[in-house]
Amino acid sequence: MKLQTKILGTVVLGTLFFNACSTKKDALVNREWHALNTKFNVLYNGNISFEKGREELNANYKDNYWDILPVERLEVTDDVKLDSENNNPNFVIAEEKATKAIQKHSMVIKDRERNPQTDEAFLLLGKARYFDQRFIPALEAFNYVLKNYEQSDKFNEARIWREKTNIRLENEELALKNLKDLFKYDKLTDQEYADARAIMAQAYINLNAPDTAIQQLKRASAYTNKPEEKGRFYFIIGQLYNQLNKKDSANYAFHKIIDLNRKSPRVYLINAHLQKIMNTEITASNTEEIIEYLTDLEEDRENRPFLDKIYRQIAQFHLEKKNDSLSIVYFNKSIQATTNDARLNALNYENLGEFYFDNNNYKDAGAYFDSTLTNLVDTSKKYRAIKKKLDNLEDVIKYEDIVQYTDSVITVYNMPKAEQISYFENYITSLKAKEEAAAKKEKERQNSGIAAFAASKAGKQSKGNFYFYNVTSLGYGKTDFRTAWGTRKLEDNWRWSNKSIVMPAAIDEGTGITDITATNTEAAEDQKYTVEFYTDRIPTNVRVVDSLRTERNFANYQLGLIYKEKFKENMLAAAKLENVLQSNPEERLLLPSKYNLYKIYEESGSNLTIAMKDDIIKNHKGSRYAELLLNPQAIIESNNDTPEGRYTLLYKMYENQEYLKVITAAEENINRYTGDEIAPKFEMLKAMATGRIQGFEAFKEALNYVALNYPNNPEGKRAQEMVANQIPQLAQKEFTNEEESSKGSWKVVFPFKSTNDGKAKELIALLNKSIDDLKYRNSVSKDVYNLETQFVVVHGFASKDYALGYAELLKNNKDYKVHNENFVILSNNYKVIQVHKNIGEYKRIQLTPKP
């Protein structure tokens with residue numbers, strides 16, 4: 001009997017369970033069964049995953065406090081995402097759970113949803129897609145809730161999420177319209193009202209309407225019950241007031257964050273403190289109060305994660321108070337404390353760069369600006385501005401190094417022998433003292449570290465067991481090492497006593513040529529403590545010293561122009577140019593230096609203006625500068641006599657293949673306009689013409705000259721690019737085997753002496769007539785080969801046979817009768833003989849009998 005009862009009960013329960021699982025029956029047990037499963041199983045797990053995803057996003061999100069914060073902490077990328085692409089696995093799970101709830105537990109019976117949890121499933125689906133940055137699918141989910149669940153308690157929440165999605169899709173106007181309707185016709189909870197006002201504020205921020213955004217955020221901050229949101233809203237209000245230049249109102253908003261204290265995240269609190277200080281004008285009466293305020297922030301242990309920003313604010317305070325040394329210390333402390341804030345690093349490096357730049361320490365400024373660039377986005381406006389300044393500094397650094405080096409060498413060269421010895425003895429003494437002080441400091445540091453460890457629990461436990469924890473053994477080991485090896489730097493190949501030392505210049509005593517870039521000298525480590533190590537490197541050849549003086553004068557001249565034209569530092573420019581005039585400069589630098597000094601004196605109102613003008617007119621009659629001072633209007637009206645006019649005429653001559661005239665005129669204009677921006681253009685034109693006449697090696701040498709002397713001018717950069725890319729391609733001088741070549745274009749070439757230009761032109765006319773008469777598609781040109789030879793060339797034959805046939809036709813046709821010497825050549829080989837000027841070698845190869 002009991003068995004029958006159990007069996008019957010089991011069957012009844014199984015039947016009820018089976019019937020309850022059906023989504024097609026509108027029965028109480030079915031509705032409750034699916035509602036409970038949806039709420040406490042599927043959606044419960046889905047919401048847990050969703051909240052984990054939100055927490056992970058918040059943990060990884062880094063706010064950029066240098067710009068207006070977004071209302072919502074979500075970093076949106078520009079990538080177009082597909083449904084199959086997901087960033088966060090937690091949102092994947094949340095979406096899967098929401099989908100499962102809809103697919104397995106939705107009860108649409110007679111066009112009506114009977115499971116009261118399905119609307120929440122669609123809402124979770126939309127939110128998971130939203131935070132996964134798939135906004136179109138998210139919008140579909142929210143719209144489904146709004147269309148099919150008008151009586152749902154989640155209806156207003158879905159409307160708010162829909163408008164958040166519209167704003168992400170840049171449909172701000174539509175979102176604002178819908179939110180205004182929401183306020184008119186629906187009753188919202190306090191948090192829903194705060195959320196709606198907050199996203200309205202974001203829409204107005206996107207539309208660049210800060211005033212209206214502030215009003216919306218004030219309402220949102222009043223109604224939200226989340227302290228974190230309250231602190232964020234107040235901070236954005238302060239930022240917007242700062243944008244409107246309303247400092248007092250901004251400080252009032254920041255003060256509200258400070259009043260929240262621990263109720264709001266500390267990051268908002270610290271940034272609010274710093275913003276308040278930035279908005280406060282520093283006066284004599286509040287200086288002490290502000291520095292005390294900053295010191296309290298610095299010393300508070302809870303503020304350690306934010307020391308990078310605190311140090312920066314202290315540095316800016318000292319910079320404004322002209323406490324330069326303290327400001328540099330704190331900028332560097334901020335850099336050392338910064339972990340993952342590229343924008344903060346960029347600002348610190350830029351401030352240091354500007355400081356050294358303003359103090360005319362351009363080498364250090366260049367190093368800091370270079371570090372600034374590494375922390376900026378290379379497409380930003382700031383990056384381009386810093387890059388331009390750094391490009392200008394590269395020339396300054398280069399020429400200042402040259403001046404410093406050449407001055408040092410010339411100064412030592414001019415010393416009597418006894419004075420040279422005394423000078424280097426003093427240097428060696430100071431060098432030893434510095435190294436001994438550094439070694440002592442390092443030893444004290446190591447000993448203090450070892451002693452501290454030895455006194456610690458771990459040190460006491462390990463004492464006597466491990467070599468480096470035993471102070472006595474460690475000291476003995478150090479002494480033994482120094483006895484065997486001496487003092488060595490921590491570096492690769494430390495055991496080698498002889499290393500390559502980079503010297504500032506390589507000097508060839510025989511030729512007198514100096515290379516300021518680098519040289520390698522083998523020197524033993526202990527040789528640097530001997531006077532001979534230095535005196536042996538002093539040049540003794542007068543030609544070498546004269547070369548150094550020439551380099552120094554040119555470098556000083558270039559620095560004078562850079563300081564005058566690019567940095568507007570007239571005092572520095574005048575000092576450099578005056579240095580040139582006092583150093584017996586070359587003739588090409590003398591007059592330009594005087595004229596630029598005259599312009600500086602004139603601009604600054606100096607009493608030396610008239611004297612310099614008279615000097616130029618009296619001692620440099622007939623020069624362009626003298627004419628410019630005597631009759632400036634006549635020079636201006638004469639377009640052909642301007643640098644640009646001269647260059648244009650010269651370029652036309654280059655196009656007409658008058659290469660010798662171009663080279664001669666270019667040299668004249670280079671000397672005439674030394675220091676002007678157009679001088680590199682003449683240098684490049686001269687290099688091109690030189691290559692056309694003299695060939696590959698001369699062209700390569702000329703390009704290298706332009707690249708080395710004008711590295712930051714457009715022409716210098718172009719020359720560098722050509723040396724790197726085109727020169728290796730042109731270096732190929734091997735001829736293509738014409739017997740085996742089945743591809744390529746062929747030419748018929750008629751050589752002429754350069755003195756027979758008239759006959760060459762007559763032949764060109766005859767060749768053009770033959771091409772027209774015979775309906776050929778070839779073209780004719782006259783190409784300069786070198787100073788003695790030129791070619792008349794017929795281009796464009798598809799094969800060697802066609803080219804030979806045409807030459808034979810001209811020889812035999814009674815209408816043309818061309819008997820001039822000619823040869824047929826493959827286009828690739830013609831290029832080789834033009835580049836390398838090796839037609840003799842080509843003819844020798846062609847005449848050599850084939851085996």
Side-chain angles (χ1 to χ4, degrees), residues 366 384 387-402 515-517 550-551 553-567 586 588-589 592-593 595-596 624 639-731 835:
R384 292 192 293 271
K387 183 68 168 66
K388 183 178 180 181
K389 184 174 285 189
L390 183 61
D391 288 343
N392 291 336
L393 281 173
E394 285 179 1
D395 265 351
V396 172
I397 294 167
K398 170 191 169 184
Y399 289 123
E400 286 287 8
D401 283 346
I402 293 174
D515 179 8
I516 296 294
T517 55
T550 300
E551 289 176 3
N553 287 340
F554 182 76
N556 273 324
Y557 176 75
Q558 291 294 332
L559 287 168
L561 294 187
I562 293 169
Y563 290 147
K564 172 178 175 284
E565 301 295 338
K566 295 182 178 179
F567 297 150
E586 299 173 76
R588 69 189 185 104
L589 298 180
S593 297
Y595 182 77
N596 280 290
R624 174 175 177 266
N639 290 330
N640 286 339
D641 202 37
T642 63
E644 292 76 15
R646 286 172 174 258
Y647 178 79
T648 301
L649 291 174
L650 211 56
Y651 192 80
K652 289 179 179 177
M653 292 168 63
Y654 173 82
E655 290 180 324
N656 292 331
Q657 301 189 55
E658 300 176 55
Y659 300 128
L660 185 58
K661 292 181 180 179
V662 169
I663 294 170
T664 304
E667 289 176 347
E668 177 188 338
N669 284 291
I670 290 166
N671 291 328
R672 186 182 184 92
Y673 300 114
T674 297
D676 286 0
E677 289 188 2
I678 203 162
K681 291 182 178 290
F682 285 113
E683 287 280 13
M684 182 58 106
L685 198 59
K686 176 187 171 185
M688 301 292 286
T690 301
R692 291 286 188 174
I693 291 179
Q694 299 180 23
F696 175 78
E697 292 299 333
F699 182 51
K700 179 181 176 181
E701 183 180 345
L703 277 181
N704 273 307
Y705 180 84
V706 178
L708 290 171
N709 284 277
Y710 306 98
N712 290 314
N713 288 86
E715 288 71 26
K717 291 177 180 178
R718 182 185 166 203
Q720 292 172 19
E721 184 180 344
M722 292 174 72
V723 168
N725 300 323
Q726 294 186 24
I727 289 297
Q729 296 176 9
L730 294 175
V835 170

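Note that the coordinates shown come from a computational prediction; the quantities given were computed from them, not determined experimentally.
- Distance check: Ile562 CD1 to Asp395 CG gives 4.5 Å after rounding to the nearest 0.5 Å.
- Smallest separation of non-hydrogen atoms from Asn669 and Ala665: ND2-O, 2.8 Å.
- Contacts of Lys389 classified as salt bridge (Lys or Arg N to Asp or Glu O under 4.0 Å), with partners at least two apart in sequence or in another chain: Glu354.
- When all heavy atoms of Thr690 and Ala698 are compared, the pair lying nearest together is CG2-CB, 3.8 Å.
- Using a 4.5 Å heavy-atom cutoff, the side chains of Tyr557 and Tyr399 are not in contact.
- Looking at Arg646 and Phe682, their side chains come closer than 4.5 Å, going by heavy atoms from C-beta outward.
- Under the ring-ring contact (aromatic ring centres under 6.0 Å, His included) criterion, Tyr595 pairs with Tyr625, not counting sequence neighbours.
- Every residue two or more places apart in sequence or in another chain that forms a side chain to side chain contact (heavy atoms under 4.5 Å, CB included) with Ala666 is listed here: Leu650, Lys686.
- Residues forming a side-chain hydrogen bond (donor to acceptor under 3.5 Å, both in side chains) with Gln694 (at least two apart in sequence, or on another chain): none.
- Expressed to the nearest 0.5 Å, how far NZ of Lys564 lies from CG of Leu561 amounts to 7.0 Å.
- Other residues, nucleotides and ligands contribute only 12 or fewer heavy atoms inside 6.0 Å of the OH atom of Tyr651.
- Side chains of Met684 and Leu703 form a contact here, defined as non-hydrogen atoms less than 4.5 Å apart.
- Taking the side chain to side chain contact (heavy atoms under 4.5 Å, CB included) definition, one finds that Lys398 meets it with Ile402, Pro711, sequence neighbours left out.
- For Glu658, the side-chain hydrogen bond (donor to acceptor under 3.5 Å, both in side chains) test picks out Lys661, with sequence neighbours left out.
- Take Glu586 and apply the salt bridge (Lys or Arg N to Asp or Glu O under 4.0 Å) test, not counting sequence neighbours, and it matches Arg588.
- Under the side chain to side chain contact (heavy atoms under 4.5 Å, CB included) criterion, Asn556 pairs with Val403, Arg552, Leu559, Lys576, Asn579, Val580, sequence neighbours left out.
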Can you list the steps and then say if Met653 with Tyr659 is a side chain to side chain contact (heavy atoms under 4.5 Å, CB included)? CA-CA 7 Å; Met653 292 168 63; Tyr659 300 128; over 6 Å; no
Could you list the donor-acceptor pairs under 3.5 angstrom formed between side-chain atoms of residues 721-731 and any protein atom two or more places apart in sequence or on another chain?
| residue | atom | partner | partner atom | Å |
| --- | --- | --- | --- | --- |
| Asn725 | ND2 | Glu721 | O | 3.4 |

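- Here Lys387 pairs with Asp391 under the side-chain hydrogen bond (donor to acceptor under 3.5 Å, both in side chains) rule; sequence neighbours left out.
- Every residue meeting the side chain to side chain contact (heavy atoms under 4.5 Å, CB included) condition with Tyr705, not counting sequence neighbours, appears here in chain and number order: Glu683, Asn709.
- Pairs passing the salt bridge (Lys or Arg N to Asp or Glu O under 4.0 Å) check and including a residue from residues 687-701, sequence neighbours excluded, do not occur.
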